[in-house]
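Scroll down for the structure; my scribbles are underneath it.
Below, chain A is the first sequence line, B the second, and so on; all start at residue 1. Just the heavy atoms: all of them, side chains too, but no hydrogens, waters or symmetry mates, feed the values below.
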2 protein chains.
Amino acid sequence: MPTIYDVAREAGVSAATVSRVLNGAQTVDPAMVARVLTAVRELGYRPNAVARNLRRSRTTLWAVIISDIGNPFFTATVRGIEDVAQQAGYSVVLCNSDENPAKEETYVAAALSEQMAGVIIASSGSVKAAKSLLESPIPVVAIDRELPRGVVDTVVVDNVAGARMGTEHLLAAGYRRIACITGPKGVSTADLRLRGYTEALPGQPEQERIVVRTDFREQGGYDAMASLLSSSDRPDAVFVANNLMTVGALRCLAERGVDVPGEMGLVGFDEIPWADLVRPSLTTVAQPTYELGRMAARLLVDRIATPSAKAATVVLPAELRPRQSSTR
Amino acid sequence: MPTIYDVAREAGVSAATVSRVLNGAQTVDPAMVARVLTAVRELGYRPNAVARNLRRSRTTLWAVIISDIGNPFFTATVRGIEDVAQQAGYSVVLCNSDENPAKEETYVAAALSEQMAGVIIASSGSVKAAKSLLESPIPVVAIDRELPRGVVDTVVVDNVAGARMGTEHLLAAGYRRIACITGPKGVSTADLRLRGYTEALPGQPEQERIVVRTDFREQGGYDAMASLLSSSDRPDAVFVANNLMTVGALRCLAERGVDVPGEMGLVGFDEIPWADLVRPSLTTVAQPTYELGRMAARLLVDRIATPSAKAATVVLPAELRPRQSSTR
DNA sequence: ATGAAAGCGCTAACAA
DNA sequence: TTGTTAGCGCTTTCAT
C-alpha cells in the first residue's frame, strides 16, 4: 500500500502539501493540487484512516449498539440514524448485542478502544457496559431503553401511556380478564409497559392482575402464552409488551386453535411490518421508529459539538393501531 | 485519557513491560504483572486500539456489508457470521448499503481506509465498490450475490435449482400460466432465479413466459403484481424471486381480494419468519441462512490465514417448504 | 504557499 | 526478564 510519502515523491512535493490537498486546504497552488491528484490516481493511493485517527485523536465512526438485529423496531430506527449520520459526515457501524450483556460489553469496549466518535445504545441491561460508557469521555445517546444509572441524552417513547392505551383498548372491547406478558425486570421498557398496563386496571386488586415476565424474544412469548392458556385462571385477553413476544404468542394461539379475537383478545407493543397481513390482523401500539432514530442521531451530533451541555430526554408519542385481534 | 506511559510511571516500569503484560507475554515477572495490573485498574487505563492498529498494521474488525438490514435473510446470516467471528477473535461491524451503490461505495472505502481485517459483502451491484475491494490487499468473501467481475471466495445458495424447484412445484399443483417477478438485471440472484424459472418451463415458447423485473424491495413486488393482475394475459400463479417482493405481492393480492391459492398460486424465494402465520400460509424456497453466514465467516478466517490460496465457491442447497399458497 | 520536523500511543527489535 | 529506541502514516505547528 502506498503511503503519503510515496505520493509526495511522485508529485515532487512534501507530504504536508499532499495532506493539505487531500484535506481541502484553500492555501495550495492550483498547479500543486493538480500534480498531487494525478499522483494519487496513478498510485491508487488511499489515506490510512488509522494513522489519521491517531494523529487527530478522533474518528468519524459511530457505534450503534442494538439488542436484536432481527427486531424490525431496530432496523427502522437504524435507518433514521444512518440518514442523519451520513449527512453529518459520520459512518455508522452496527453492533448486535443479541440481548447478551457479555456481547454488549465486548462491543462497548471495542467502541471505546477504537475511539469512536460517538455511541448510540439500546441497553441490554448490562450495568458494566453502562459504567464503561459513562466513565469515558465518549458522547453517548441511549435509545429505546434508559441506560442503567445513566444521565445521558435519551430518546424513548412514552411507554407508560402506550401500554395504558393498549390495555384500555382491550377493556373497551369488553375483555375482562386481561393478562400482561412483559420483559425482564430492570429493563426499562419492560417495567414501564407493565406500569402502563397496571394503571389501566385501577379497580383491580393487585392479585387480580395476571403478569408473566420472560425475555423479549419470540420463544419467551410463546412459552408465556402457553402457561397462560393452561393456568387455572385463564385470561380472555393479553397485552404483550413487545413485537417478538407477540409473534410467539400468536404462534402459540394458532397452534392450539384458540380463536382470536373471540376466545382471546391480543394487543402487542411495537409495530410489526406484516401486522396487517396475518389473519386476524394484529392490533399494535406503534412507535415512530424512524423519527426516533433521527432524533437520537441529532442529539449525538449536538453532544459531540457541545460535550458539556445538559443531558436531554426526548419522549416521543406511541400510537394505537386498532385491528382485528382486539375486536370481538 | 491515560496512556501506556501513565501506567508505566504509576507502576514504576517501562512502557514495553506494560505492553507485554497487556498482551499476555509469558516472559514477565509475576510481581511486575501485579503492579502493572494494579496501575491499570487505578488509572482506568484502556489501550488505544487506533495506535495499536497503526503499529501492528492490522485490526481485529470485520466489515459486513449487506444490502438491506430489514431483510430477515440478512439478519439470520449475520448471526452466523458473528458466531464464528467472535470465536476467532474478531468483532463484526455491520454496514447497511440499502441496495444503494453509492452507500456501498462509501462503506467499502471506509472499510479499506480503516484497514479492516476482512470484508464480507452482499453486493448491491456496484462495479466501483467491487473494483476497490479486488484491487486492495484486504481479504474478501462474497455472499448471496457474486461480486461483479470478481474472483473471490463466495458463498451462495443454488439459485437455479431452487427457482426451478419452486416453479415445478406450481406446475405440479396444476397451474399453467406461471409468471415470474425477479430483481434487477446484473444482480446474480435475480438472473439465476429467473433462469431456474425458465428451465422449469421447457415446453413454453419464449413469449409465453411472463417476466417482470423490478427492484428487490416490497414496493417493487407490489407494483409488479398489480401490473400482472391488470394485464391482458393474467397469470394463474407467480414465482417471486425474493422475500420482500413476495410480501409486496401478497399485500397487493390481499387488498384486491384475489383468492390465493384459488385464483392465484404463489411461491416465494427466501424464507420469511412469519410465512406460516399468514392465511394462506406461504410456500417458500428456503435458504440455510445461518449456515451460509457461518460458512462465509470460516472462509474469511482461512483467507486471512492464507491470502494466496485459491478462491473457493461454496454452493449450499435450497429447500422447498410447501404451504397453502400453492395448493389448490 | 510550501517544507521541515515533531509527535499522536503503541509494539517490537535489539541491547543489556 | 527488562528497558531503550525507532517507527507505523498521518497532521499540524512553526519557520521560511
Let me spell it out: for each of B/Arg56 and A/Met32, pick the nucleotide of DNA chain C with the closest heavy atom. Which residue's pick is nearer the 5' end?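 Counting from the 5' end, the first nearest nucleotide belongs to A/Met32.
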Verify, without hydrogens or angle tests, whether [X] (side chain) and [Y] (backbone) share a donor-acceptor contact under 3.5 angstrom.
| X | Y | value |
| --- | --- | --- |
| A/Ser136 | A/Ile138 | yes |
| B/Asn96 | B/Ile69 | yes |
| B/Ser97 | B/Ile66 | yes |

Is the shortest heavy-atom distance from the side chain of [X] to the side chain of [Y] under 4.5 Å?
| X | Y | value |
| --- | --- | --- |
| A/Asp144 | A/Phe74 | yes |
| A/Phe216 | A/Thr189 | yes |
| B/Tyr107 | B/Val64 | no |
| B/Val36 | B/Tyr45 | no |

DNA chain D: 5'-most and 3'-most nucleotides touching chain A, 4.0 angstrom heavy-atom criterion: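 Here the contact window of chain A covers D/dG9 to D/dT13.
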How bent is the helix from C/dA1-D/dT16 to C/dA16-D/dT1, comparing axes over its five end pairs at each side, to the nearest 10°?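 The end axes of the helix from C/dA1-D/dT16 to C/dA16-D/dT1 are about 40° apart, to the nearest 10°.
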Short heteroatom pairs, N/O only, protein and nucleotides 5-7 of chain C, under 3.5 Å:
| from | atom 1 | to | atom 2 | distance (Å) |
| --- | --- | --- | --- | --- |
| C/dG7 | N2 | A/Arg55 | NH1 | 3.2 |

Expressed as a whole number of angstroms, how long is the span from B/Ile4:CD1 to C/dC8:C1'?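 Going from B/Ile4 (CD1) to C/dC8 (C1'), I get 14 Å.
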Rounded distance (Å) that lies between atom C1' of C/dG9 and atom CD of A/Gln115: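 Atom-to-atom, A/Gln115 to C/dG9, this comes out as 9 Å.
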Report which part of the nucleic acid B/Val13 touches: base, sugar-phosphate, or nothing (heavy-atom distance under 4.0 Å, all strands).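 Here B/Val13 touches the backbone only, sparing every base.
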Contact class for A/Asn53 vs. all strands (heavy atom < 4.0 Å): base, sugar-phosphate, or nothing?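 The answer is nothing, as A/Asn53 stays clear of every strand by at least 4.0 Å.
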Residues 15-24 of chain A side chain polar contacts: donor-acceptor under 3.5 Å, at least two apart:
| from | atom 1 | to | atom 2 | distance (Å) |
| --- | --- | --- | --- | --- |
| A/Thr17 | OG1 | A/Ser14 | OG | 3.4 |
| A/Ser19 | OG | A/Asn23 | ND2 | 3.4 |
| A/Asn23 | OD1 | A/Arg56 | NH2 | 2.9 |
| A/Asn23 | ND2 | A/Ser19 | O | 2.7 |

Just to be sure I understand the geometry, which residues of residues 34-48 of chain A put a non-hydrogen atom under 4.0 Å away from DNA chain D?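 Residues of residues 34-48 of chain A under 4.0 Å from DNA chain D: A/Tyr45, A/Pro47, A/Asn48.
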When you match B/Ser57 and B/Gly12 each to their closest nucleotide on DNA chain D, which lands nearer the 5' end?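 Upstream on the strand: B/Gly12.
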Closest-nucleotide ordering on DNA chain D, the 5'-leading residue of A/Arg58 and A/Val50: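 Per heavy-atom nearest nucleotide, the more 5' residue is A/Val50.
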Contact under 4.0 Å: A/Ser14 side-chain N or O vs C/dT2 OP1/OP2: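 Checking C/dT2 against A/Ser14, no side-chain N or O comes under 4.0 Å of OP1 or OP2.
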Under 3.5 Å, which donor-acceptor pairs do the side chains of residues 115-126 of chain B form with other protein atoms, sequence neighbours left out?
| from | atom 1 | to | atom 2 | distance (Å) |
| --- | --- | --- | --- | --- |
| B/Ser123 | OG | B/Gly125 | N | 2.8 |
| B/Ser124 | OG | B/Glu104 | OE1 | 2.7 |
| B/Ser126 | OG | B/Glu105 | OE2 | 2.7 |
| B/Ser126 | OG | B/Lys128 | N | 3.4 |
| B/Ser126 | OG | B/Ala129 | N | 2.9 |

Should [X] and [Y] count as an ion pair when the cut-off is N to O under 4.0 Å?
| X | Y | value |
| --- | --- | --- |
| A/Arg298 | A/Asp153 | no |
| A/Arg79 | A/Glu291 | no |
| B/Asp29 | B/Arg35 | no |

Exercise: do B/Tyr290 and B/Asp83 side chains pair donor with acceptor under 3.5 Å: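 Yes.
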